[in-house]
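FYI, the numbering just counts along the sequence from 1.
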Amino acid sequence: MILRKTTILPTDDAALARSMFDDMVHNQPYYIFVALGTGPDAETIVQRADNLTGNPGDPRWVIWARDPKLIKNSVEKLQNSDRVLSKLGTARGFSLSLSDEVCNVIEGTEPVPSLTRILLAFAEAEGS
């Protein structure tokens with residue numbers, strides 16, 4: 001899998017995973033799609049989201065949290081975190097605006113999202 005604009009959070013160092021997540025969310029001017037979990041479905045989601053990030057200078061980025069519980073404390077601090085917090089272990093992903101607001105959640109009960117579904121998640125973040 002070739003990824004151009006995806007940050008993969010470590011699964012063996014909780015402090016580093018939180019630090020990387022916090023830096024990307026709070027200190028970088030990005031619209032972010034956060035992919036959650038592992039396995040073939042998660043890999044497909046990450047690849048599709050990464051394909052939608054555009055050119056290197058475009059403000060879309062992907063964070064892949066393979067172990068979502070490692071970022072739970074950071075997610076709690078986001079605006080509208082209640083939309084995703086209770087689903088962190090089951091959701092497929094969510095998007096964040098420039099103002100660190102949870103904008104769109106792809107539920108675990110949804111099928112593996114298409115490019116269009118992920119694009120809508122990015123678009124909702126960009127419209128906030």
Side-chain angles (χ1 to χ4, degrees):
M1 174 179 350
I2 297 172
L3 302 172
R4 298 172 298 126
K5 291 176 63 181
T6 297
T7 297
I8 302 172
L9 302 180
T11 57
D12 60 346
D13 188 335
L16 180 58
R18 274 191 309 278
S19 174
M20 290 172 65
F21 181 85
D22 288 342
D23 180 59
M24 292 286 296
V25 171
H26 302 298
N27 299 327
Q28 303 301 324
Y30 298 143
Y31 299 104
I32 298 173
F33 182 82
V34 181
L36 303 168
T38 59
D41 288 353
E43 290 176 16
T44 298
I45 293 166
V46 169
Q47 186 67 64
R48 288 177 180 171
D50 189 81
N51 287 340
L52 293 169
T53 58
N55 295 318
D58 291 346
R60 289 184 185 164
W61 204 267
V62 178
I63 295 174
W64 187 3
R66 296 173 295 164
D67 188 350
K69 72 179 180 289
L70 297 182
I71 60 167
K72 183 179 182 201
N73 291 341
S74 293
V75 172
E76 288 174 343
K77 299 172 186 165
L78 300 172
Q79 294 179 51
N80 291 331
S81 64
D82 56 317
R83 291 185 68 188
V84 72
L85 201 55
S86 65
K87 307 167 192 168
L88 205 53
T90 59
R92 294 186 182 272
F94 61 96
S95 62
L96 295 170
S97 69
L98 287 177
S99 60
D100 309 336
E101 177 183 0
V102 176
C103 294
N104 190 296
V105 178
I106 299 177
E107 306 282 346
T109 55
E110 293 183 46
V112 175
S114 64
L115 286 168
T116 303
R117 176 65 177 94
I118 296 169
L119 183 60
L120 287 172
F122 269 126
E124 191 169 331
E126 292 167 354
S128 289

- Would you indicate whether the side-chain heavy atoms of Pro59 and Pro29 approach each other to under 4.5 Å? no
- What distance separates Tyr31 OH from Ser95 OG, expressed to the nearest 0.5 Å? 11.5 Å
- Test side chain to side chain contact (heavy atoms under 4.5 Å, CB included) on Ile8 and Leu3 and set out the steps. CA-CA 10 Å; Ile8 302 172; Leu3 302 172; 4.0 Å; yes
- Note on the structure: Correct closest heavy-atom pair for Arg117 and Val105 would be NH2-O, 3.2 Å
- Query: Roughly how far, to the nearest 0.5 Å, is the CG atom of Leu96 from the CD atom of Glu124?
  - Reply: 11.5 Å
- Query: Is it true that Glu107 and Lys87 have a side-chain N and a carboxylate O under 4.0 angstrom from each other?
  - Reply: yes
- Message: Is the shortest side-chain heavy-atom distance between Thr109 and Thr90 below 4.5 Å?
- Response: no
- Euclidean distance, Glu76 CD relative to Ile71 CD1, rounded to 0.5 Å: 11.0 Å
Show me, pair by pair, the donor-acceptor contacts under 3.5 angstrom made by side chains of residues 39-54, not counting sequence neighbours?
unit_1 : atom_1 : unit_2 : atom_2 : d
Thr44  : OG1    : Pro40  : O      : 3.0
Gln47  : NE2    : Ile2   : O      : 3.2
Gln47  : NE2    : Asn51  : OD1    : 3.3
Arg48  : NH1    : Pro113 : O      : 2.7
Asp50  : OD1    : Arg4   : N      : 3.2
Asp50  : OD1    : Lys5   : N      : 2.8
Asp50  : OD1    : Thr6   : N      : 3.3
Asp50  : OD1    : Thr6   : OG1    : 2.7
Asp50  : OD2    : Arg4   : N      : 2.9
Asn51  : ND2    : Gln47  : O      : 3.3
Thr53  : OG1    : Asp50  : O      : 2.7

- Message: Is there a path of hydrophobic side-chain contacts, each under 4.5 Å between heavy atoms, that joins Val34 and Trp64?
- Response: no
- Query: Parallel, tilted or perpendicular for Phe33 and Phe122, by the 30°/60° rule?
  - Reply: tilted
- Message: Before you tell me yes or no, could you show the steps for Leu78 and Glu101 under side chain to side chain contact (heavy atoms under 4.5 Å, CB included), namely the whole-Å CA-CA distance, both residues' side-chain angles and the distance that decides it to 0.1 Å?
- Response: CA-CA 6 Å; Leu78 300 172; Glu101 177 183 0; over 6 Å; no
- Do you reckon Ile118 sits in the same ILVMFWY cluster as Leu36, going by side-chain contacts under 4.5 Å, direct or chained? no
- Message: What I want to check is whether the side chains of Asp100 and Gln79 have a donor and an acceptor closer together than 3.5 Å.
- Response: no
- Do Met20 and Thr7 touch side chain to side chain, with heavy atoms closer than 4.5 Å? yes
- Message: How close do Ala125 and Cys103 get, counting heavy atoms only, and between which atoms?
- Response: CA-SG, 3.7 Å
- Separation between OG1 (Thr116) and CG (Leu119), nearest 0.5 Å, reads 7.0 Å
- Message: If the threshold is 4.0 Å, N to carboxylate O, is there a salt bridge linking Asp58 and Arg60?
- Response: no
- Query: Cluster question for you: counting only ILVMFWY and a side-chain heavy-atom cut-off of under 4.5 Å, with indirect links fine, are Val112 and Val62 together?
  - Reply: yes
- Query: Do Arg83 and Asn80 come close enough that some side-chain heavy atom pair is under 4.5 Å?
  - Reply: yes
- Query: So do Met24 and Trp61 actually touch side chain to side chain, heavy atoms under 4.5 Å?
  - Reply: yes
- Is there side-chain contact between Phe94 and Leu88, with heavy atoms separated by less than 4.5 Å? yes
- State yes or no: do Ile106 and Val75 share one hydrophobic cluster built from I, L, V, M, F, W and Y residues joined by side-chain heavy-atom distances below 4.5 Å, directly or via other members? no
- Item | Close side-chain approach of Asp82 to Leu85, heavy-atom, < 4.5 Å | no
- Taking all atoms of both residues into account, what is the closest heavy-atom pair of Asp22 and Ser74, and its distance? OD1-OG, 2.7 Å
- Leu9 side chain near Phe21 side chain, heavy-atom distance below 4.5 Å: yes
